[in-house]
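Take a look at the structure set out below.
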Amino acid sequence: MPSDIDISRGVTLRPIVDVAADLGLTPEQIEPYGRDKAKFDPAVLPPRTPGKLILVTAINPTPAGEGKTTTSVGLADALNRTGRKTVLALREPSLGPCFGTKGGATGGGYAQVGPMVDINLHFTGDFHAITSAHNLLAAMIDNHIYWGNALDIDVRRVTWKRVLDMNDRALREVTQSLGGVANGFPRASGFDITVASEVMAVLCLAEDAADLEARLGRIIVAETRDRRPVTARDLKADGAMAVLLGQAIKPNLVQTLEGNPALLHGGPFANIAHGCNSVIATRAALALGDYVVTEAGFGADLGAEKFFDIKCRQAGLAPDAAVIVATVRALKMNGGVAKADLGREDVAAVQRGGVNLARHIENVRQFGVPVVVAINHFATDSDAEIDAIRAIATAHGTEGVLCRHWADGGAGAVDLAEAVVARIDAGGAKFRPLYGDDLPLLDKMRAVATRLYRADDVAADAKVVAQLARWEAAGFGHLPVCMAKTQYSFSADPTLLGAPVGHVVPIREVRLAAGAGFVVAVCGDLMTMPGLPRVPAAEAIRFGDEGEIEGLF
């Protein structure tokens, strides 16, 4: 098979005006960014009965690969092939993992969105706008302190860092404002990656432009010397931040390689943020299509949980079905097989690792959402190994459907599309969040840890407990929680594969995202500024002899 970038380059994408026309959008209602991508204002859409919402999630990720985005694209193409008007709604890729481990994030094989190179790199500038808005606020904090500090900000309690859309471990902890009086007051600070910014979360959870500015204004950046919160609105930064995001708030329209519409908008990580594309884009997709396929980052213990407990709770969405992506290779890794040995048949390892899939099925069902298992096919899979996954799905009240969309595009996922539609038509969806708004914040964290991760408890020291109590007293106790945890395990230990029990989830620190509307629990050793791997994908990315970009995959 050719590489993903070669496959993408070999397809002539439709003019974006034609893709828009399929959705009922006129050329005057879209803002083209070249020939094959555009933005549009969802306010132009007429009211209609929303389509059916399908979430694609997965087992815990492994180096063997699962293919969640690839399956999302393949499913959307398959639904369109079977005559069902379907819109795909995904996140935008971050430059950090594109140059780090992933090398790209637009699907794979013949189930991709395009233009692949543009989407993986600067796209329409949304992430640059988010980075600029975030760092404008950081600059205004330091500027306010420099010019007299009328708000009485305690420089020891400034919590707002700066951000960069790149993996750079050297920036996690920095000392800023060195060099004398003209450069301000020295203090400890640091950088997060842009996709962990609360501005990213705000953009992705905002209802519209007015709600965006209101949420930006509620962002808490510091405390005064007498422990009162200081907000972006107090610093008069919210208006300018909203202006910087004026174009970024509009969804991006692109297409799959089969020419079907896809909305890519926003991109918070699911291990350190809430992991979903924007509410605005999802609602627009529901207004444009009869079916909407969306995804949430990493495994269902992170992305799906946050999709349900944060995004759906805040936006009033009720998903109609969920797809859990699994592969023979990934389950064998969960069953103890080394990556180098994954090509050999090992049914027993699939069965051992199948406990990971089984738990994810059970967990998604706790939210009242019907489940279908998508078995993403690899050439080395044996019939016996595939049957083992089907048996696990059947034993847990659902079905495992073999998919070949990577090799065959939408045609390879038609069986999955029919299975998902059958589940939706059966009418079994009764969506409910995992916990209620009135539960104390620490108990919400405990509910996720014990009911989904199967931990015995959470562990939080007195400082964390006291901080949560202060936030509850200040009126933030009703907010949902965002668990910032490793994606590789149900536990906080990335080496504990399968379905561990009896562990404790350590909550290292908590952060209040008052603008986004949730409380972050940072668990274990997770970092909100990732580092590059030993051999970053960036080493292979370059211009080829004919001036085309090579190395993205």
Side-chain angles (χ1 to χ4, degrees), residues 2 4-46 48 51 69-70 72-93 104-127 247-266 277-278 280-282 284-294 405 408-411 546-549 552:
D4 290 346
I5 195 168
D6 287 337
I7 292 171
S8 178
R9 191 173 287 135
V11 173
T12 300
L13 296 175
R14 301 171 63 201
I16 200 64
V17 292
D18 293 346
V19 179
D22 290 348
L23 296 174
L25 295 170
T26 67
E28 293 74 29
Q29 291 175 320
I30 65 171
E31 301 171 20
Y33 279 60
R35 179 183 178 278
D36 47 21
K37 50 191 182 292
K39 282 184 171 288
F40 68 96
D41 184 351
V44 306
L45 303 179
R48 71 184 288 269
T69 301
T70 304
S72 298
V73 177
L75 175 58
D77 281 339
L79 286 164
N80 277 301
R81 274 178 174 265
T82 57
R84 300 171 174 104
K85 187 178 181 181
T86 301
V87 181
L88 183 63
L90 302 175
R91 296 174 297 163
E92 304 173 50
T106 54
Y110 290 92
Q112 296 187 54
V113 286
M116 185 258 215
V117 169
D118 289 5
I119 293 169
N120 278 317
L121 298 181
H122 303 288
F123 200 20
T124 58
D126 292 349
F127 282 22
Q247 282 296 103
I249 194 174
K250 299 175 183 178
N252 305 294
L253 174 64
V254 289
Q255 62 191 284
T256 70
L257 295 189
E258 297 189 5
N260 295 311
L263 305 185
L264 270 65
H265 197 216
N277 73 309
S278 76
I280 290 174
T282 301
L286 289 167
L288 290 165
D290 297 326
Y291 293 86
V292 172
V293 177
T294 191
H405 44 275
D408 299 332
E546 298 181 5
E548 294 181 324
I549 293 174
L552 288 169

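Worth knowing before you read on, the calculation uses all heavy atoms, side chains too, and leaves out hydrogens, waters and symmetry mates.
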Next item on the list: Please tell me if the side chains of N260 and T86 come closer than 4.5 Å, counting only heavy atoms from C-beta onward.
Entry: no
Note to self: Quick check against the 3.5 Å criterion: does N80 have a side-chain atom that pairs as donor or acceptor with the backbone of A76?
What the structure shows: yes
Notebook entry, point to check: Mind checking what makes salt bridge (charged side-chain N to carboxylate O under 4.0 Å, His left out) contact with R48, not counting sequence neighbours?
Noted result: D290
Note to self: Quick one, L288 and F40 - any side-chain contact, counting heavy atoms below 4.5 Å?
What the structure shows: yes
Check: Where is the tightest heavy-atom contact between N120 and P93, given as atom of each residue plus distance?
Finding: OD1-CG, 3.6 Å
Margin query: List the residues meeting side chain to side chain donor-acceptor pair (under 3.5 Å) with E546, not counting sequence neighbours, and say none if there are none.
Written below: none
Checklist line | Heavy-atom pair with the smallest gap, counting every atom of L552 and I5 | finding: O-CB, 3.5 Å
Item checked: Separation of N252 CG from L263 CG (nearest 0.5 Å) -> 8.5 Å
Notebook entry, point to check: Going from CG on L90 to OG1 on T256, what distance comes out if it is rounded to the nearest 0.5 angstrom?
Noted result: 10.5 Å
Note to self: So H405 and V73, do their side chains get closer than 4.5 Å, heavy atoms only?
What the structure shows: no
Next item on the list: Output all residues satisfying side chain to side chain donor-acceptor pair (under 3.5 Å) with S8, sequence neighbours left out; order by chain, then residue number.
Entry: none
Next item on the list: Return the minimal non-hydrogen interatomic distance between D408 and E258, and the atom names on each side.
Entry: O-OE2, 4.5 Å
Check: Taking only residues two or more places apart in sequence, or in another chain, which ones meet P2 in a side-chain contact (heavy atoms from CB on, under 4.5 Å)?
Finding: D6, I7, Y110
Note to self: Suppose we screen for side-chain contact (heavy atoms from CB on, under 4.5 Å). Which residues come up paired with D4, at least two apart in sequence or across chains?
What the structure shows: Q112, M116, W406
Item checked: Partner residues of A89 under the side-chain contact (heavy atoms from CB on, under 4.5 Å) criterion, sequence neighbours left out -> N277, A285, V292, T294
Notebook entry, point to check: Which residues pass the side-chain contact (heavy atoms from CB on, under 4.5 Å) test with Q247, sequence neighbours left out?
Noted result: E31, Y33, K39, K250
Next item on the list: State which residues pass side chain to side chain donor-acceptor pair (under 3.5 Å) with T69; sequence neighbours excluded, sorted by chain then number.
Entry: E295
Check: Less than 4.5 Å apart, any side-chain heavy atom of V19 and any of V254?
Finding: no
Check: So how far is it from R91 CZ to L264 CG, rounded to the nearest 0.5 Å?
Finding: 10.5 Å
Notebook entry, point to check: Testing K85, R14, Q255 for side-chain contact (heavy atoms from CB on, under 4.5 Å) with D22, which one passes?
Noted result: R14
Next item on the list: State the CZ-OG1 distance between R35 and T12, to the nearest 0.5 angstrom.
Entry: 7.5 Å
Notebook entry, point to check: Which residues satisfy the salt bridge (charged side-chain N to carboxylate O under 4.0 Å, His left out) test with D18, sequence neighbours excluded?
Noted result: none
Item checked: Minimum side-chain heavy-atom gap D126-H265 below 4.5 Å -> yes
Item checked: Distance, nearest 0.5 Å, that separates CG of D77 from CG of L88 -> 8.0 Å
Notebook entry, point to check: Taking only residues two or more places apart in sequence or in another chain, which ones pass salt bridge (charged side-chain N to carboxylate O under 4.0 Å, His left out) with D41?
Noted result: none
Margin query: Just to verify, what does E92 make a salt bridge (charged side-chain N to carboxylate O under 4.0 Å, His left out) with, not counting sequence neighbours?
Written below: none
Notebook entry, point to check: By side chain to side chain donor-acceptor pair (under 3.5 Å), which residues pair with T70, not counting sequence neighbours?
Noted result: none
